Novice: 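Let me begin by handing over the structure; questions about it come next.
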Amino acid sequence: MADLEKDLHTEHMVINMGPSHPVTHGTVKFLVTLDGENIVDMKVDIGYLHRGFEKMCENGTWQQVIPYTDRLNYVSPLINNVGYALAVEKLIGIEVPERCQYLRVIASELSRISDHLTNVAAGGLELGAFTAFLYFVEARELVWDLIEMLCGARVTVNYVRIGGLKNDLPQGFQDKTRAVFKEVRRLWSDVDKLLTKNRVFIDRVRDVGDISAEEAIAYGFTGPCLRACGVPYDVRKAQPYLVYDRMDFEIPIGETGDNFDKYLVRMEEIQQSMKIVEQALSRLPDGPINLDLPQYRMQPKEDIYHRIDSLIFHFKTVIDGIKPPPGEVYLAVEGTNGELGFYLVSDGSGKPYKCRVRPPCFALTAAMPRLMKGRLIADIVPTFDMINMIGGECDR
Amino acid sequence: MSEQQTQAWLDELCAALPAGALLGRESFRGQHSLLVDPGLLVSVMKLLKDRGGFRYLADLTALDRLPREPRFLLVYHLWNHAERRLIRVKTEARGEPPTVLSVTALWTTANWHERECYDLFGVEFRGHPDLRRILTADGWVGHPLRKDYPTMGPPEVQNWVPPRYAPPAPAATPAGDEGAAS
C-alpha cells in the first residue's frame, strides 16, 4: 500500500515546436516544458525571418522602401503600403487628393478582408475543419482577384506611392466587386454555420487563451485580440486617417478575450470591411489620384517624355530621392492584427535616417507564454492561430 | 481638440513632472515630444502611466545619432485610450555600453521591445529580467542597426554561419609532410 501512495517518478519534458511545424504559420520556435500534457513553461524564439528591414530602408531612397513594406505582413500588404505612404506624407506635410484617399481605403479594406479570411480559414483547418478552410480560401481567392485587377499583383502589390497611387481603378471594378462580395457573403454564411455553433470547434476555442483587458493593454495588445477583451480601440476610429471618419462602420468587441471571441470579432470585421468598401465605392469622387507636386510625386509618363521640367524633376527624384524636411513622425494605421505604426526620422536627405516599424504581432507573440502557462499542449494550436503571428512582420 | 487646448494640456502635464526631469520639449506636425532626464525616467513614466492615463506603450526604439554624444536616444511612444492622445518621450542613453533604466515593471510589453533594442543597437537596460538577443541568431557579433555597422556586416561576419554548422577546423598537418606538397 505504501508503494502505491508514493508519487510516480516523473520529470518535466522539454520539447521543441518549430521552427518549422504545422502549427507555426510563420517560422517561430516554442520551447515548451511539459508535465504530461500540461504546459509548465514556454519560451518563444523568434527572429528566423529577420532580414534587416530597417537597415535596408536606411540604404534606399524614401520611395524604394515601399516594396519592402509589402513583405512585412504579406497577407495584407496594401495596408503596409498605405501606412508607410501616409507616414511619409505626414512628415512632408502634404495630403493626397480625395479620390486617392477613397481608393486607399478601398485597398486597405480589401486587404483586411483577405487577411481575416486567411486567418479564420487556417484556424479552422488546424482544428480539423477542412471544409471551412476550403470555403474561405475560395473567398480569399476572389478577393485576391479584385486586388489583382486593382494593382496587377496578388501578394507583393507595390500599389501605393508617396503622394498618390500607381494607377486608378480599372474599368468594371465596381461590378466585379459587387459580384465578388455576393459570393463572399454566401461563403461567409456557410462558414458561419459550419463553425460558430459547432460543438467541436467551440470546445477547442472557448475559454482558451483568455486575458483581462488590463493585462492585454499592458502586453501591448491591439487589433482584434484587444477588441476581443472588450476594449474598443481601433486606430480607424481613435485617430482617424484617410476618410475613415466619413464611413459608417462599427467596431465589434468581445468580452473575455478568449479565442472564440477573437474568432467572432474577425468574422464580424469581414462584414464591416465589406460595408466600408461598398460605401467608399458608392461615394467615390472624381478627380486626380496623384498630387501635382513634381518634387514628391512623379509626373505622368507622357510629361516626362515631352516636357523638360518634368524630366528634370523625374531625374532628381529618382537619383537623389524625395527630400522631406528634417523631423520625426509616428503614424499608426489599423493593420489586420492591430496597430501598425511607422516611426520615421528624416535628416533632410533623400534617404530615411530611421524607418522603424511597430509590428502589431510582435507584442501579441510576446504574450504567448502568459496565455499558455497551465494549459494543455493542444491549446497552443488555436491560441497561436488567433494571435495570427506573421513572420515577415514580427521579425522584419 | 483645438491647438490651444492641446498646449494647455501639455503645459499641465509638464508641470506635474518631477522637478528637473524635463530637459526639453518639441512639437512637429502636431506631435509632441518630451526629453527627460535618464535618471528620472522610471518615475516620469510611472507618473505618465498612472496620472496621465498613458496605459499603452505603443513603441520603444532607439535612435543612433552618430557622431553626437551621448550617441543613443531612446524613444518611447505612449497612447492614452480615454483621451486619445499620443506622446513621445525621449531620453539619452549614457555611458559605455550605453545604459538606460528598464520600464518592464510598468509595461510588460517593454520586455521584448527592450530586448530588440539591446540586440540591434547594443543599448543595455538596467533592471530588465531577461536581456538576451531576440532577432539575430545566437552568437551574433555586433549590433546591426548602429550607423557604423556596415550593411553587409563587418568582414568577420560576412561569411558567418551559426556555430553548430561551422566546418571543423582543418586537422594539423603532420610534421613530416611539409615538403611533400611542393
Side-chain angles (χ1 to χ4, degrees), chain A residues 43-52 54-56 58-59 90-93 213-222 226 231-233 235 237-240 325-332 338-339 341-343 345 347 353-354 356-360 362-367 370 394-396, chain B residues 26-31 33 49 54-65 73 75-88 90 104-113 115-117 119-121 130 132-138 140 144-147 149-153:
Chain A
K43 283 202 168 79
V44 185
D45 200 0
I46 62 163
Y48 291 92
L49 250 63
H50 181 61
R51 55 206 182 276
E54 260 185 71
K55 197 79 178 172
M56 287 194 289
E58 286 169 17
N59 284 289
K90 190 178 173 84
L91 187 62
I92 301 172
E214 197 58 40
E215 219 178 334
I217 291 174
Y219 267 104
F221 274 34
T222 44
L226 179 67
V231 184
Y233 175 62
V235 185
K237 292 268 192 199
Q239 328 170 40
E328 54 184 346
V329 290
Y330 176 81
L331 189 124
E339 176 174 333
F342 284 90
Y343 172 58
V345 181
D347 58 352
Y353 189 77
K354 184 178 176 65
R356 150 90 182 162
V357 183
R358 186 261 176 212
F362 188 76
L364 295 170
T365 313
R370 151 69 186 82
C394 189
D395 300 347
R396 282 153 292 145
Chain B
E26 227 177 275
S27 294
F28 184 71
R29 305 274 184 237
Q31 297 184 339
S33 323
K49 187 190 170 199
F54 290 97
R55 291 194 299 157
Y56 162 47
L57 174 70
D59 189 26
L60 186 167
T61 186
L63 182 64
D64 184 358
R65 304 183 295 176
L73 200 61
V75 187
Y76 303 78
H77 287 95
L78 308 179
W79 174 257
N80 180 333
H81 287 98
E83 294 177 35
R84 298 184 173 182
R85 288 187 199 275
L86 177 83
I87 195 142
R88 183 183 300 132
K90 297 188 199 174
T104 31
L106 297 173
W107 294 281
T108 329
T109 182
N111 187 324
W112 271 28
H113 282 300
R115 277 179 66 189
E116 184 187 327
C117 225
D119 187 2
L120 301 180
F121 290 95
D130 181 25
R132 294 180 282 132
R133 285 185 182 271
I134 184 166
L135 290 180
T136 56
D138 298 340
W140 190 262
L145 277 185
R146 289 189 170 192
K147 288 282 176 189
Y149 189 93
T151 307
M152 300 302 290

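By convention in this document, chain letters (A, B, ...) are assigned in the order of the sequence lines, proteins followed by strands, and residues within each chain are numbered from 1. All of these numbers come straight from a predicted model, not from anything done at the bench.
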Novice: Would you give the length of the straight line joining atom OG1 of B:Thr136 to atom CG of A:Asp395, rounded to the nearest 0.5 angstrom?
Specialist: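 The OG1 atom of B:Thr136 sits 11.0 Å away from the CG atom of A:Asp395.
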Novice: What heavy-atom pair brings A:Glu339 and B:Ala58 nearest, and what distance separates the two atoms?
Specialist: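 Closest approach of A:Glu339 to B:Ala58: OE2-CB, 3.8 Å.
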Novice: Indicate the atoms forming the closest heavy-atom contact of A:Tyr353 with B:Arg65, along with that distance.
Specialist: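 It is OH-CA, 3.6 Å.
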Novice: Quick one: what part of A:Tyr343 sits under 4.5 Å from any heavy atom of chain B, side chain, backbone, both or neither?
Specialist: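 Contact with chain B involves the side chain of A:Tyr343 alone.
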Novice: List the atom of B:Gln31, the atom of A:Val329, and the distance in Å for their closest heavy-atom pair.
Specialist: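 B:Gln31 and A:Val329 have their closest heavy atoms at OE1-CA, 3.3 Å.
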Novice: Name the option with the most non-hydrogen atom pairs under 4.5 Å to chain B; the candidates are A:Ala363, A:Ala332, A:Ala238.
Specialist: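 Among A:Ala363, A:Ala332, A:Ala238, the one with the most close pairs to chain B is A:Ala238.
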Novice: So which part of B:Arg115 gets closer than 4.5 Å to some heavy atom of chain A, the side chain, the backbone, both or neither?
Specialist: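 Neither part.
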Novice: So which residue, A:Val231, A:Asp347, A:Thr365, ends up with the most heavy-atom pairs under 4.5 Å with chain B?
Specialist: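 Of A:Val231, A:Asp347, A:Thr365, A:Thr365 has the most heavy-atom pairs under 4.5 Å with chain B.
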Novice: Kindly assign one of parallel, tilted or perpendicular to the pair B:His113 and A:Phe362, based on the angle between their ring planes and the thresholds 30° and 60°.
Specialist: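 Tilted: the ring planes of B:His113 and A:Phe362 meet at 30° to 60°.
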Novice: Quick check on the interface: out of A:Cys394, A:Gly52, A:Ala218, A:Gly220, who has the most heavy-atom pairs with chain B under 4.5 Å?
Specialist: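 It is A:Ala218.
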Novice: Any sub-3.5 Å donor-acceptor pair from B:Arg29's side-chain atoms to A:Ile92's backbone N or O?
Specialist: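 Yes; at least one donor-acceptor contact below 3.5 Å.
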Novice: Against chain A, label B:Asn111 side chain, backbone, both or neither, depending on which of its atoms sit under 4.5 Å from a heavy atom there.
Specialist: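 For B:Asn111, no heavy atom lies under 4.5 Å from chain A.
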Novice: Chain A heavy atoms under 4.5 Å from B:Ala82: which part of the residue, side chain, backbone, both or neither?
Specialist: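 When you check distances to chain A, no heavy atom of B:Ala82 falls under 4.5 Å.
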Novice: Determine yes or no for a side-chain-to-main-chain donor-acceptor pair under 3.5 angstrom, with A:Lys55 supplying the side chain and B:Pro150 the backbone.
Specialist: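 A pair under 3.5 Å: no.
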Novice: Measure across A:Gln239 and B:Trp79 and return the closest heavy-atom pair with its distance rounded to 0.1 Å.
Specialist: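 That would be CG-CH2, 3.3 Å.
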Novice: Work out which heavy atom in B:Leu60 is nearest to a heavy atom in A:Arg356; give both atom names and the distance.
Specialist: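 Closest approach of B:Leu60 to A:Arg356: O-NH2, 3.7 Å.
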Novice: Quick one: what part of A:Arg396 sits under 4.5 Å from any heavy atom of chain B, side chain, backbone, both or neither?
Specialist: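 Side chain only.
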Novice: Once rounded to the nearest 0.5 Å, what's the spacing between atom OG1 of B:Thr109 and atom CG of A:Leu364?
Specialist: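 So the gap between those two atoms works out to 9.0 Å.
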Novice: Answer yes or no: does atom NZ of B:Lys147 have more than 12 heavy-atom neighbours from other residues, nucleotides or ligands under 6.0 Å?
Specialist: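 Yes, because the 6.0 Å sphere around NZ of B:Lys147 holds more than 12 heavy atoms from other groups.
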Novice: As a quick check of understanding, evaluate side chain to side chain contact (heavy atoms under 4.5 Å, CB included) for B:Trp112 and A:Val44, giving each step before the final call.
Specialist: CA-CA 11 Å; B:Trp112 271 28; A:Val44 185; 3.9 Å; yes
Novice: For B:Leu120, which atoms come within 4.5 Å of any heavy atom of chain A: side chain, backbone, both, or neither?
Specialist: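 Just the side chain, heavy atoms under 4.5 Å.
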Novice: Among B:Asp64, B:Asp59, B:Val75, which residue forms the greatest number of heavy-atom pairs with chain A at distances under 4.5 Å?
Specialist: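 Of the candidates given, the most pairs with chain A belong to B:Asp59.
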Novice: When you measure from the centre of the six-membered ring of B:Phe28, is the NZ or CZ of A:Lys90 under 6.0 Å away and within 45° of the axis?
Specialist: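 Judged by the rule (NZ or CZ under 6.0 Å from the ring centre, within 45° of its axis), A:Lys90 is not positioned above B:Phe28.
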Novice: Heavy-atom cut-off 4.5 Å, strictly under: side chain, backbone, both or neither for A:Pro326 against chain B?
Specialist: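 A:Pro326 touches chain B through backbone heavy atoms alone.
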Novice: Is B:Arg88 in contact with chain A via its backbone, its side chain, both, or neither, using a 4.5 Å heavy-atom distance?
Specialist: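 Side chain only.
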Novice: Go through A:His50, A:Lys354, A:Glu328, A:Glu54 and name the one with the most non-hydrogen pairs under 4.5 angstrom from chain B.
Specialist: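 Between A:His50, A:Lys354, A:Glu328, A:Glu54, the count favours A:Glu328.
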Novice: Select, from B:Arg132, B:Lys90, B:Arg133, the one with the greatest count of heavy-atom pairs under 4.5 Å involving chain A.
Specialist: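 Max contact count across the listed options: B:Lys90.
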Novice: Heavy-atom pairs under 4.5 Å with chain B are the metric here; pick the option from A:Val345, A:Ile46, A:Leu49, A:Thr222 that has the most.
Specialist: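 Top count of heavy-atom pairs under 4.5 Å with chain B: A:Ile46.
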